[in-house]
Amino acid sequence: MSISFQRDEGIFALNTQNTTYQMQIDPLGYLRHLYYGRRVSGSMEHLYRPVDFGFSPNPYPSRYTPQISLDTMPQEYTGCNAGDFRVSCLTVSGREGACGAELRYVSHEILPGKYAVEGMPSAFAGDGEAETLVVTLADEVTGLEVALYYGVYEAQDIITRAARLRNTGTGALTLERAASLCLDIPFGDWDLLHFQGRHNMERQAVRTPVTGGIQTVSSRRGASSHQHNPFVILAGRDTTEEHGDCYGLMLAYSGSHRTDIERDQSGGTRVVMGIHDEQFRWTLSPGEWFQTPEVLLTFTHQGLGQLSRSYHRFIRSNLCRSPWTNRRRPVLINNWEATYFDFDTEKIISIARQASTLGVEMLVLDDGWFGARDDENRGLGDWFVNERKLPGGLSRLIAEVNGLGMKFGLWVEPEMVNEDSDLYRAHPDWALTLPGREPTMGRNQLVLDMGRPEVVNYLCDRLSALLDTYHIDYIKWDMNRSLTDVYSRALPPERQGEAAHRYVLGVYDLLERITARFPEVLLEGCAGGGGRFDAGMLAYCPQIWCSDDTDAVERLTIQYGTSFGYPVSAMGAHVSACPNHQTGRTVSLDTRAVVAMSGTFGYELDLNLLTEEEKAAVRRQIQRFHRYGDLIRQGDYYRLSAPTQNTDYTAWQTVSEDRGEALVSVVVTHVRATSPLICLRLRGLEENALYRVREFAVFGTGNACGDLSGQEEGRVYSGGGLMYGGFVLPRLYGDCPSIQIYLERAAK
Ligand code: GLA
C-alpha cells in the first residue's frame, strides 16, 4: 500500500519508492501539509511548529492562540478571504457577493488504481501501478466542496494531483480562481527553474533564486505558449544535474495557466499552479462541479537529471496514450521549408521520390493543400483538397507516395479560420470576436470557438472524413495564433469568463474523439513550433514540433530546455536547409542530423537540391538513426553540459535501461584555436563493466587533423573510468563540428 492513514494522528502518508508525502488533519479540520521529500518512515508532524507572526490572523476558534494562523500554516489547498495572505488556490463568492471560503476536512477515500480527470487529459495507470487518495474538504457556509485527488505511482516516484470543486449549496457560486494545487514547502532555500522563450526560441532554461515576493510563470494566451511553459522546478541552491533536492510541478493543461511561487514571511515557499485566473469566471449552479487540470509532481534528492528521467519515463509509460509512443517513428520529409505555399503535385512527388531513394519513410504535406490557401491570408477552415494545386486530389498524391513505399502525412490547423474562407462566410459567429469591435488578428486568422459543441462536431466530421477517405498515416495538428477577443456567442453574459477554458475543453474533446476513432494515426502537435508543448497535448500527441527554429545551434538550447520535463520521444526535430531560414547560419549537414536525431528525426528541405555527396550523407544518417533510434527514444537521457552556461559545446548522452549501450553526442558550437581538450564525464554506466567503442563518428566542415572518424573504435574503457575520469575528445575544427560515440558493454 503506498497510501496510508494514521487515524490517531490524522496523518495521510503517500509513499513512493524514494519519496514520502505527508499531510495531517488539524484539530480544526484544516488539511495541513507536513512534508514532501525523500522517503521517510514515521510521522513528520514535528515539522509543523506554529509560532506567532504579528498581523497573521487567527481562525475564530483559535482566537486565543495567536500561533494558529492560516497565514503561516502549510496547506494542501487554500480557502479565500480567511486569513491566509499568501497566493491562494481559490476565489469564490456566493449569493450575497460575499467572497470567502474556509475548507475543512469532511471525509476521505483510498482507492485502488488511478482516478481520471473528466474532460481533460490525465495520467493513466496499469493494474496495480497506482493508488488514489481523495480527501474531501468543504466550506460550510457556501456549500463549496473541494475534493483533492492524489494519484500515487509508487515505482515511478510520481504523485499526481487535481481538484474537483462542487457546489453542494442552494445558491449559485462564482469561481474566479480555482487552482489545481498548493504545494507548501515549509523550509529551505530554493531556486526556481522555468522554461521561457518566444516563437522560434521556446523553453530556454532559466534558474533564479526564490526570494521574498512572488514570482509568476504564466500564459494568458489561451495556449500554454512559447513564452512560459507550464512546468517549473524548485531546486535546492546547490542542486546540480547529479545531486541535490528538487521538486517538479508539471501542469497537464494546454490553455492559459499560472504558477505563483511565493517565499513567505516564515521562510516557507508556496507554489500554486493551475488555470490562469485572469478573465476566468466560472458559475457553479447548485449541484454543478468544476474540474481542475492535473499536475504531475515529482521529487528527488538525486539532482535535476534524475528528475527529468522520472518525467521522461512517466510521460512515455503513463501519459502518452498513442500506440506510437514507444514505437519507432517513420523518418519523415516535410515540405514546409522546402516549398512553403509554392507547390503542386509534381513538386511534392519529386521531393518524395528523391527522399524515398535515400531511405526516408514518410512524406508530410504541410500547409497549403486545401481551400484557396495560396498564402497565409485565406482558406483556413476549408478542409477540402485544392484540386487546382493538386490535380487528382489527395488520392493521386497519396497513391504516388505510397507507390514509392512511403507513408503519407498531412498538416491541419482545425481550431482556426480565415475571414476569407467558406467556413467563415457560412458561420461568422463560430469565431471568437467581441461584439461591436474589429477583432485583433494574428497571422490574419481568427480562432474558432471550440467551446461550442457544433464547432467541435463539425471539425470532428471533417477530420474524420479526411481520415476515412484517404490513406493518411500521420497528422500534424497546428495552432498558429494566440487567443484574443475571447467571447463566445453561445454563452450568456454571466458565463463569458468560461469561454477560454471551454475552448481548451473543446480542443481536448476533439482530440479525444479523433484519437479514439483513429488510434493508429500518428499525431504530431504543433503551435507555430512549440507554442503548445505541454503534458496536456502529449496525452494525445506522442510528438510535438519543438520549434519553428530549425537552426541546429539554436535547437541545442531549445532541446536542452525541453529535456528537463519532456522526453526525446516527444521532440519533433528535422534537418533543414542551410543557410538556415531562421538564422542564416550554416552548419554541416551531419551536425544538423546529430541534433535532429535527438528528437523524432526527419528532414524539411528539398533533397533534390543536395549534391551527390550530401545525398550519400543523408543515406548514412538515416541508417545511423535506424541503428540508434530505439536507444535514443527509450533510453535514459543525461545532459552532460548546459548550453545556457557553456557556449563552447553541448553534450548529451543516452543510456539503455540495462546500461548495456550508450550513445554520446557532442556539438562544438564555438571552435577555438589551440583550445584545451574537452573531457566529458559520462553518466549512467555500470561502474565495473567494460565498454567498447563501437562507433566513433566525427563530423565537421573540415578537420586539420584529417578524418578522425573511427579512430577510437574497438577501444575498451571501464564504466568507472568514463564516469569518474571521462572521455577525452579530439580537438575539432570547422563550423560546429560534432561527434557521436556509440559504446557497448563488452563481454566480461
Ligand atoms: C507553423 C508550423 C510550421 C508550418 C507552418 C505552416 O508555423 O510550426 O511548421 O507548419 O505553420 O503554416
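Atoms within a ligand are numbered from 1 in the order they appear, just like the ligands themselves. The first residue of the sequence shown is numbered 1, and numbering continues consecutively from there.
Ranking protein heavy atoms by distance to atom 7 (O) of ligand 1, first place goes to Asp548 OD2, 2.8 Å. Looking only at protein heavy atoms, the nearest one to atom 4 (C) of ligand 1 is Asp366 OD1, 3.4 Å. Protein heavy atom in closest approach to atom 12 (O) of ligand 1: Asp367 OD2, 2.6 Å. In this structure, atom 5 (C) of ligand 1 lies nearest to the protein heavy atom Trp336 CE2, 3.6 Å.
Any N or O atom pair closer than 3.5 Å counts here, and Asn480 shares at least one such pair with ligand 1. The shortest N or O to N or O distance between Lys476 and ligand 1 is under 3.5 Å.
Looking at Val417, Leu423, Asp449 one by one, the single match for side chain to side chain contact (heavy atoms under 4.5 Å, CB included) with Trp430 turns out to be Leu423. Each of Glu415, Glu376, Glu413, His199 was compared with Asn480 under the side chain to side chain contact (heavy atoms under 4.5 Å, CB included) criterion, and only Glu413 meets it.
Ligand 1 does not have Glu524 within reach: every non-hydrogen atom of the residue lies 4.0 Å or more from it.
Atoms of ligand 1 found under 4.0 Å from any heavy atom of Cys526, numbered from 1 in the order shown, are 2 (C), 8 (O). Atoms of ligand 1 found under 4.0 Å from any heavy atom of Gly529 (numbered from 1 in listed order, with element): 8 (O). Counting atoms of ligand 1 from 1 in the listed order, those under 4.0 Å from a heavy atom of Gly528 are 1 (C), 7 (O), 8 (O). Atoms of ligand 1 found under 4.0 Å from any heavy atom of Trp545 (numbered from 1 in listed order, with element): 8 (O), 9 (O).
Counting only N and O atoms by type, the side chains of Thr433 and Arg489 include a donor and acceptor under 3.5 Å apart.
No donor-acceptor distance shorter than 3.5 angstrom exists from the side chain of Tyr503 to the backbone of Gly255, with no hydrogens or angles considered. Remark: side-chain polar atoms of Asn229 are not paired, donor with acceptor, to backbone N or O of Arg203 under 3.5 angstrom. Between the side chain of Ser421 and the main chain of Gly381, no donor-acceptor pair closer than 3.5 Å is present. Within the 3.5 Å criterion, the main-chain N or O of Phe408 finds a donor-acceptor partner in the side chain of Asp473.
Closest heavy-atom approach to atom 11 (O) of ligand 1 within the set Val364, Asp478, Leu380: this belongs to Asp478.
Under 4.0 Å from ligand 1, the heavy atoms of Arg443 that appear belong solely to its side chain.
At least one side-chain heavy atom of Asp374 sits under 4.5 Å from a side-chain heavy atom of Lys389.
Stacking of Arg378 on the aromatic ring of Tyr424 is not recorded, the 6.0 Å distance cut-off and the 45° axial limit not both being met.
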